[in-house]
Amino acid sequence: MAVKQLLDEKKLSQRQFAKQAGLEPAYVSKLVNGRITEPRQETCCKIANGLGIAQQDLLEQIAQYSNPEAGETVFNPTGSGKREEAIAKPSQESVETYAGSGKNLMSLATSMLEQLSFDEKFKKNITSSYTGYRLKNPGARAKKYLLVLAQRKEGLCISVSKDVLEPHILCLEYYSYEDETPDIILGKFWIIPSKEDIFLASMQTHYPTLLDGEVTGSFTLNERTLRFFHCSDIDNSIDFIDFIDDSIDFIESPEEFEVNSLGSHNCYLVINEDKLFPDTLQVCISSREILEEFIRYFGEILMEK
């Protein structure tokens with residue numbers, strides 16, 4: 001496979017590459033073995049960074065090593081063929097094509113913020129790559145943006161301060177039973193308020209009883225109930241914990257989680273970290289309808305802060 005040849009060329013093991021690229025080792029194994037042929041755009045960036053090359057050079061080298069006649073698929077980050085199996089930080093797929101590009105969505109967003117009198121409370125900074133909003137009288141928040149709009153070909157990327165966005169998101173996790181191993185975040189999502197009922201109904205297909213009507217907070221897909229025991233003998237007493245075997249595990253490993261199992265993409269936005277503004281979380285929106293609901297929802301929250 002082309003990726004394997006690139007790793008051999010760079011004298012990198014799969015584990016070394018996974019660490020350098022910030023990818024799960026299990027994911028890298030699937031990539032090398034051809035089980036994933038169309039990584040998402042942001043994953044392609046991670047792969048290129050892990051190899052120490054530019055993304056365009058990565059695509060060109062993949063094309064050179066691939067052999068379509070032998071059934072190998074050239075990397076295609078647009079997602080038109082075999083879907084990437086997503087865990088950790090999945091990217092939001094387009095949920096509705098808006099006749100306007102990211103440019104038109106940017107105009108809509110800024111217009112809605114003006115209607116909310118955003119300019120009275122926030123100072124707007126316009127650059128060639130983004131428009132950022134910070135408080136005019138910030139106190140301790142002096143140099144932090146609370147809202148950032150960035151125009152992209154795929155839509156409008158919106159970054160919101162973590163302390164504003166996090167109370168309103170759904171976080172799905174995989175619980176690790178090893179003491180020193182942190183829990184794995186499978187994905188963070190903002191459930192669109194007008195579509196909450198549809199989302200909760202679709203969740204019953206794969207994860208019945210998991211959310212119990214909630215659309216915010218953290219939930220583990222392999223949660224087990226614990227039973228505590230107390231044993232004693234002549235010399236001492238011992239407390240220990242055991243797992244109840246009849247509890248529900250929706251997945252047996254993080255790799256089993258698929259974003260598509262959550263139902264229609266029209267019901268939620270996938271949330272990612274914003275490396276440029278680490279105090280924020282980011283969504284990408286390509287739908288006018290969803291953009292209007294998102295700006296209205298969080299614009300009012302920001303105005304109240």
Side-chain angles (χ1 to χ4, degrees), residues 19-24 40-43 45-46 49-50 86-92 102 105-106 108-110 112-114 116-152 154-173 182-193 215-219 259 268-286 290-305:
K19 185 176 181 179
Q20 290 182 192
L23 297 169
E24 292 290 326
R40 291 182 174 84
Q41 190 71 39
E42 70 169 31
T43 306
C45 290
K46 291 183 177 181
N49 290 338
I87 64 172
K89 300 176 182 177
S91 299
Q92 174 68 15
L105 292 175
M106 172 71 87
L108 173 61
T110 54
M112 290 186 66
L113 292 173
E114 288 175 4
L116 290 170
S117 300
F118 229 60
D119 292 342
E120 294 180 5
K121 188 172 184 178
F122 292 88
K123 181 180 179 180
K124 181 165 64 173
N125 181 33
I126 302 176
T127 73
S128 59
S129 56
Y130 66 85
T131 297
Y133 294 84
R134 60 166 63 101
L135 290 169
K136 288 184 176 180
N137 301 303
R141 296 169 180 250
K143 295 184 179 180
K144 294 183 179 179
Y145 287 117
L146 297 189
L147 180 69
V148 180
L149 310 176
Q151 179 183 315
R152 300 287 184 267
E154 63 271 24
L156 185 66
C157 292
I158 306 178
S159 300
V160 181
S161 173
K162 286 183 178 179
D163 63 347
V164 173
L165 188 57
E166 284 181 336
H168 303 274
I169 66 177
L170 173 68
C171 181
L172 298 182
E173 301 177 340
D183 294 347
I184 297 173
I185 296 178
L186 302 170
K188 294 180 179 180
F189 311 90
W190 181 64
I191 312 305
I192 299 169
V215 293
T216 61
S218 297
F219 297 85
V259 176
Y268 61 84
L269 294 174
V270 176
I271 297 171
N272 295 298
E273 299 287 335
D274 188 333
K275 293 182 179 180
L276 184 60
F277 302 103
D279 293 316
T280 69
L281 295 171
Q282 186 179 81
V283 299
C284 187
I285 301 176
S286 59
I290 293 176
L291 175 63
E292 290 176 342
E293 190 161 355
F294 187 89
I295 291 293
R296 190 178 302 114
Y297 187 94
F298 286 104
E300 293 177 356
I301 292 174
L302 286 165
M303 286 296 293
E304 293 173 359
K305 291 190 72 64

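With hydrogens and angles ignored, the 3.5 Å screen pairs a side-chain donor or acceptor of Lys136 with a backbone N or O of Asp119.
Aromatic ring pairs are classed by plane angle as parallel below 30°, tilted from 30° to 60° and perpendicular above 60°; the pair Tyr133 and Phe122 is perpendicular.
The two atoms that bring Pro167 and Lys162 nearest to each other are CD-O, 4.2 Å, heavy atoms only. Between Leu149 and Ala109 the shortest heavy-atom distance is CD1-CB, 4.0 Å. For the residue pair Glu154 and Ser286, the shortest heavy atom distance occurs at O-CB, 3.3 Å. Residue Tyr297 comes nearest to His168 through the heavy atom pair OH-ND1, 3.0 Å, listed as atom of the first residue, atom of the second, then distance. Residues Arg134 and Lys144 share a closest heavy-atom pair of CB-O, 3.4 Å.
The shortest side-chain heavy-atom distance between Leu170 and Tyr268 does not fall under the 4.5 Å cut-off. Between Pro193 and Glu293 the shortest side-chain heavy-atom distance falls below 4.5 Å. Side-chain contact between Lys124 and Leu113 is absent, with no heavy atoms from C-beta onward closer than 4.5 Å. Annotation: side chain of Phe189 is not in contact with side chain of Ile271 (no heavy-atom distance under 4.5 Å).
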Taking only distance into account, with no hydrogens and no angle test, what donor-acceptor pairs under 3.5 Å do side-chain atoms of residues 275-285 form with protein atoms, sequence neighbours excluded?
{"from": "Thr280", "atom 1": "OG1", "to": "Phe277", "atom 2": "O", "distance (Å)": "2.7"}
{"from": "Gln282", "atom 1": "NE2", "to": "Ser159", "atom 2": "OG", "distance (Å)": "3.2"}
{"from": "Gln282", "atom 1": "NE2", "to": "Asp274", "atom 2": "OD2", "distance (Å)": "3.3"}

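Put simply, NZ on Lys188 and CG on Leu165 are 9.0 Å apart, with the number rounded to the nearest 0.5 Å. With values rounded to the nearest 0.5 angstrom, Cys157 atom SG is found 9.0 Å from Asn272 atom CG. Once rounded to the nearest 0.5 Å, the distance linking CD1 of Ile192 with CD1 of Ile290 reads 3.5 Å. One finds the CG atom of Leu291 at 9.5 Å from the CG atom of Leu269 (value rounded to the nearest 0.5 Å). To the nearest 0.5 Å, atom CG of residue Leu172 and atom CZ of residue Phe219 are 8.5 Å apart. Interatomic distance, Gln151 CD to Ser128 OG, rounded to the nearest 0.5 Å: 11.0 Å.
Legend: residues meeting side-chain hydrogen bond (donor to acceptor under 3.5 Å, both in side chains) with Gln20, ordered by chain and number and at least two apart, are absent. Checked against salt bridge (charged side-chain N to carboxylate O under 4.0 Å, His left out), Glu114 has no partners two or more places apart in sequence or in another chain.
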- Yes or no on side-chain contact (heavy atoms from CB on, under 4.5 Å) for Asn125 and Tyr130, after CA distance, side-chain angles and deciding distance? CA-CA 8 Å; Asn125 181 33; Tyr130 66 85; 4.2 Å; yes

Assess the residue pair Phe294 and Val160 against the criterion (side-chain contact (heavy atoms from CB on, under 4.5 Å)); give the C-alpha distance rounded to whole Å, side-chain angles, the decisive distance to 0.1 Å, and a yes or no. CA-CA 11 Å; Phe294 187 89; Val160 181; 3.9 Å; yes

### Query
Would Ile158 and Ile295 satisfy side-chain contact (heavy atoms from CB on, under 4.5 Å), going step by step from the backbone distance to the final call?
CA-CA 9 Å; Ile158 306 178; Ile295 291 293; 4.1 Å; yes

Review point. Under the side-chain contact (heavy atoms from CB on, under 4.5 Å) criterion, do Leu147 and Phe118 qualify, and how do the steps go?
Key: CA-CA 11 Å; Leu147 180 69; Phe118 229 60; 3.8 Å; yes

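The pair Lys121-Glu304 does not count as a salt bridge, with every side-chain nitrogen at least 4.0 angstrom from each carboxylate oxygen.
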